[in-house]
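Side chains included, hydrogens not; waters and symmetry mates left out as well; all remaining heavy atoms used. Since we're looking at a predicted model, the values are computed, not measured. Residues: numbered from 1 along the sequence shown.
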Amino acid sequence: TTEIYTLSLHDALPIWESEYSSIISSSPAGRSVYAATGFATAVTCGRVSFVLGLQGPCATFNTACSASLIANHSSLRALQRLECTSALSAGVNMMFSAETMRGNALAGFTSITVRSHTFDARADGYGRGEAINAVVCERAEQIGGPGLIAEWCGSAVRQDGRSASLTAPNGQAQQGVLAASLADAQLSAAQMGVLEAHGTGTSLGDPIEASSLDTAVLSKRAPMSFVVAVCGIKANVGHAEPAAGLAGLLKLVHGLDNQRGAGNAQLHVLNPHVAAAFR
């Protein structure tokens, strides 16, 4: 709806790497005057503001898989600081190059089955996926009534710091960001009913994430409290890399709006290490 695109709208876009730039640069189009600015990640986000006529804060984020959620975190903070009246966060992942696929496979990131077996015993890496998504946020008092689809109560950002390797997660850092996000939202673990996990489908990452969820959330709930549904969109549509966070957010909001959640398409046998973490 056009009324949400005000002149004070915050524009945030995640950028990981551009496969498109390598394709264009090796073609006649690479000699175009537009190619020089078309490859610049700062211009990518600015171009959205240019087309829509937005004059609020504008930034491009590159934090790998978390990029689109970091963009939305920035949007939330801009709204809280009254830097804008509306905030647009977008994430895009499109696959153009076989070289990226080959590089990820050689590094051992991707699954030989081309699927993300989230929380499954077959977990051996993730399957890549594409996504184009966007979220518009406004202050609750500006919307109200039926126009309010979901309320964003809090947000937090952390880094793994030192861990076993470049890609190995740090369980303590994960527990910290979960606790910080609940504190920022002024909510308790007992109030959580559904959780969208990162859930890449790796033999190392899934159990660590499950253990972090148990320590920071599940263990702090009463024994007879209602069940927490743990979901993972990557099992259904693959890992959209920089756009993955917003893809999971939109899927979560859709499920809440319809009071139904999508099942885990790849979960056949629960990873025993995940089962142990979830108790």
Chi angles and distances behind the side chain to side chain contact (heavy atoms under 4.5 Å, CB included) call for Arg128, Thr100: CA-CA 10 Å; Arg128 299 183 71 202; Thr100 303; 3.7 Å; yes

Co-membership, hydrophobic cluster, residues [X] and [Y], 4.5 Å side-chain:
{"X": "Leu246", "Y": "Val237", "result": "no"}
{"X": "Val230", "Y": "Leu178", "result": "yes"}
{"X": "Leu182", "Y": "Val228", "result": "yes"}
{"X": "Leu69", "Y": "Val177", "result": "no"}
{"X": "Leu204", "Y": "Val274", "result": "no"}

Any donor and acceptor pair, going by atom type alone, linking the side chain of [X] with main-chain N or O of [Y] inside 3.5 Å?
{"X": "Ser27", "Y": "Ile24", "result": "yes"}
{"X": "Ser163", "Y": "Asn170", "result": "no"}
{"X": "Asn264", "Y": "Gly232", "result": "no"}
{"X": "Thr118", "Y": "Gly199", "result": "yes"}
{"X": "Ser74", "Y": "Ile70", "result": "no"}
{"X": "Thr215", "Y": "Ser212", "result": "no"}
{"X": "Arg77", "Y": "Ser155", "result": "yes"}
{"X": "Glu196", "Y": "Ile233", "result": "yes"}
{"X": "Glu83", "Y": "Gly56", "result": "no"}
{"X": "Arg221", "Y": "Met192", "result": "yes"}

Other residues, nucleotides and ligands only: do more than 12 of their heavy atoms fall within 6.0 Å of [atom1] on [X]?
{"X": "Glu130", "atom1": "CD", "answer": "yes"}
{"X": "Arg260", "atom1": "CZ", "answer": "no"}
{"X": "Ile112", "atom1": "CD1", "answer": "no"}
{"X": "Gln80", "atom1": "CD", "answer": "yes"}

Are any of the side-chain heavy atoms of [X] and [Y] separated by less than 4.5 Å?
{"X": "Cys84", "Y": "Leu79", "result": "yes"}
{"X": "Val48", "Y": "Leu88", "result": "yes"}
{"X": "Thr113", "Y": "Arg122", "result": "no"}

Flag for Ser111-Asp124: side-chain donor and acceptor within less than 3.5 Å: yes

Short side-chain donor-acceptor distance under 3.5 Å, Asn72 and Ser89: yes

Atom pair [atom1]/[atom2] of [X] and [Y] - distance to nearest 0.5 Å:
{"X": "Leu250", "Y": "Asp257", "atom1": "CG", "atom2": "CG", "answer": "12.0 Å"}
{"X": "Ser219", "Y": "Leu213", "atom1": "OG", "atom2": "CG", "answer": "10.5 Å"}
{"X": "His117", "Y": "Leu267", "atom1": "NE2", "atom2": "CG", "answer": "11.0 Å"}
{"X": "Thr85", "Y": "Arg139", "atom1": "OG1", "atom2": "CZ", "answer": "10.5 Å"}
{"X": "Arg102", "Y": "Ser97", "atom1": "CZ", "atom2": "OG", "answer": "8.0 Å"}
{"X": "Gln186", "Y": "Cys153", "atom1": "CD", "atom2": "SG", "answer": "9.5 Å"}

Candidate pair Asn133 and Leu249, rule side chain to side chain contact (heavy atoms under 4.5 Å, CB included), full reasoning: CA-CA 10 Å; Asn133 43 48; Leu249 172 64; over 6 Å; no

Set of ring-ring contact (aromatic ring centres under 6.0 Å, His included) partners for His198, sequence neighbours left out: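 Once residues adjacent in sequence are excluded, the partners of His198 under the ring-ring contact (aromatic ring centres under 6.0 Å, His included) criterion are His239.
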
ring-ring contact (aromatic ring centres under 6.0 Å, His included) involving Phe109 - partner list, sequence neighbours excluded: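 Phe109: no ring-ring contact (aromatic ring centres under 6.0 Å, His included) contacts found.
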
Distance-minimising heavy-atom pair for [X] and [Y]:
{"X": "Ala121", "Y": "Pro272", "value": "CB-CD, 4.4 Å"}
{"X": "Lys251", "Y": "Ala262", "value": "CE-CB, 3.9 Å"}
{"X": "Ala265", "Y": "Asn236", "value": "N-OD1, 2.9 Å"}
{"X": "Glu241", "Y": "Asn104", "value": "OE2-ND2, 3.8 Å"}
{"X": "Ala197", "Y": "Phe119", "value": "CB-CZ, 3.9 Å"}
{"X": "Ser181", "Y": "Ala156", "value": "N-CB, 3.6 Å"}

Test side chain to side chain contact (heavy atoms under 4.5 Å, CB included) applied to Thr110 and Met101, step by step: CA-CA 8 Å; Thr110 51; Met101 285 282 203; 5.7 Å; no

Working for side chain to side chain contact (heavy atoms under 4.5 Å, CB included), residues Met94 and Ile132: CA-CA 8 Å; Met94 300 182 71; Ile132 300 175; 4.1 Å; yes

